[in-house]
Amino acid sequence: VLDTGNYRQLPQVREDLGRAIDALQDSPAFSGRTNEISRALLDVLQKQYSYVEEVERTGRPRTDFIGISPQSSRYTRLKLRIDDWLDNEARGYRNVR
């Protein structure tokens, strides 16, 4: 939505982010790297939620960063960590991939 400029869809995006945040906050604790990744993802989602609220309020995105949102590069790095975890450690967990 942010990359297309269709800001009328921001309320739905905000709701979706809110549900994802709630789900992560309610998820069971895991050990080690899994918890670190979960906490990092929760932080990215919370910051993105705040940014979506800001864009809703102002009617325009900020321009002081590279990417679609201030969280773009951080999410890209986190996605690499998630992919690495899935490839190397996820075998010990059920219902992954």
Side-chain angles (χ1 to χ4, degrees):
V1 170
L2 291 172
D3 59 343
T4 65
N6 188 357
Y7 301 140
R8 291 178 298 198
Q9 292 182 349
L10 286 175
Q12 182 61 49
V13 169
R14 186 175 29 80
E15 287 179 29
D16 292 345
L17 284 168
R19 279 193 293 278
I21 289 167
D22 289 344
L24 269 175
Q25 287 174 329
D26 294 340
S27 67
F30 295 100
S31 63
R33 192 165 168 211
T34 307
N35 264 352
E36 292 172 21
I37 291 172
S38 293
R39 283 193 311 269
L41 181 57
L42 178 60
D43 189 54
V44 167
L45 291 173
Q46 289 170 328
K47 288 179 177 162
Q48 187 66 12
Y49 183 95
S50 294
Y51 180 61
V52 167
E53 284 184 317
E54 178 184 330
V55 174
E56 275 187 288
R57 197 173 48 256
T58 63
R60 61 186 170 79
R62 291 176 15 208
T63 58
D64 59 336
F65 53 84
I66 297 172
I68 297 169
S69 84
Q71 299 307 313
S72 296
S73 60
R74 187 164 174 226
Y75 176 74
T76 299
R77 288 189 307 272
L78 180 58
K79 178 81 169 80
L80 292 173
R81 287 177 60 198
I82 292 169
D83 288 343
D84 181 64
W85 178 83
L86 286 168
D87 291 341
N88 296 300
E89 297 178 35
R91 290 182 294 277
Y93 294 89
R94 292 177 43 188
N95 300 322
V96 177
R97 271 201 190 171

Original post:
Atom OG1 of Thr76 and atom CD of Gln71: how far apart are they, to the nearest 0.5 Å?
Top reply: 10.5 Å
Subject >> Contacts of Asp26 that satisfy side-chain contact (heavy atoms from CB on, under 4.5 Å) - sequence neighbours left out >> reply: none
Subject >> Nearest-0.5 Å distance that lies between atom OH in Tyr75 and atom CD1 in Ile82 >> reply: 6.0 Å
Original post:
Residues two or more places apart in sequence or in another chain: which of them pass side-chain hydrogen bond (donor to acceptor under 3.5 Å, both in side chains) with Asp22?
Top reply: none
Original post:
How many angstroms lie between CD in Glu15 and CD in Gln9, if you round to the nearest 0.5 Å?
Top reply: 12.5 Å
Subject >> Residues which pass side-chain hydrogen bond (donor to acceptor under 3.5 Å, both in side chains) with Arg33, listed by chain and number, not counting sequence neighbours >> reply: Asp84, Glu89
Original post:
For Asp16, what residues pass the side-chain hydrogen bond (donor to acceptor under 3.5 Å, both in side chains) criterion, not counting sequence neighbours?
Top reply: Gln12, Arg19
Original post:
Nearest heavy-atom pair of Leu10 and Val1: which atoms, and what distance?
Top reply: CD2-CG1, 3.8 Å
Subject >> Heavy-atom pair of closest approach, residues Ser27 and Leu24 >> reply: OG-O, 2.8 Å
All N/O donor-acceptor pairs, side-chain side in residues 48-56, below 3.5 Å, sequence neighbours left out:
unit_1 : atom_1 : unit_2 : atom_2 : d
Gln48  : OE1    : Ser69  : OG     : 2.7
Ser50  : OG     : Gln46  : O      : 3.3
Tyr51  : OH     : Arg62  : N      : 3.0
Glu56  : OE1    : Arg14  : NE     : 2.6
Glu56  : OE2    : Arg14  : NH2    : 3.4

Original post:
With sequence neighbours left out, what residues match Asp43 under salt bridge (charged side-chain N to carboxylate O under 4.0 Å, His left out)?
Top reply: Lys47, Arg74
